[in-house]
**Student:** 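Pasting a structure below so you can have a look.
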Amino acid sequence: MAKKKDSFFSGVSREFKKIQWPTKKTAFEYSWIVIAISAITALAIWLLDQVFQALLQIIM
């Protein structure tokens, strides 16, 4: 059983070394892209909510 665990952890260690981590600059840029898209999406949903609310007030 211990040999199985050693094999697992050595495999994890080998795979972990293959990971290509992004640079700080890339991570920062991607973070801002995510924030910008989230803000744009929130704004679009808010605008649609306002339009539908106005339409419902007109109908009722």
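Not measured: the values here are computed from a predicted model.
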**Student:** How close do Ser7 and Ser10 get, counting heavy atoms only, and between which atoms?
**Tutor:** O-OG, 2.9 Å
**Student:** Can I get a per-line list of side-chain donor-acceptor pairs under 3.5 Å for residues 23-33, giving both atom names and the distance, sequence neighbours left out?
**Tutor:**
from  : atom 1 : to    : atom 2 : distance (Å)
Thr23 : OG1    : Thr26 : N      : 3.2
Thr23 : OG1    : Thr26 : OG1    : 2.9
Ser31 : OG     : Ala27 : O      : 2.8

**Student:** Distance check, rounded to the nearest 0.5 Å: Phe9 atom CZ versus Phe16 atom CZ?
**Tutor:** 13.5 Å
**Student:** Rest of the hydrophobic cluster containing Ile59 (Ile/Leu/Val/Met/Phe/Trp/Tyr, side-chain heavy atoms under 4.5 Å)?
**Tutor:** none
**Student:** I need the Lys18 NZ to Ser13 OG distance, nearest 0.5 Å.
**Tutor:** 11.0 Å
**Student:** Indicate every side-chain donor-acceptor pair of residues 38-51 with a distance under 3.5 Å to a residue at least two apart or in another chain.
**Tutor:**
from  : atom 1 : to    : atom 2 : distance (Å)
Ser38 : OG     : Val34 : O      : 2.8
Thr41 : OG1    : Ile37 : O      : 2.8

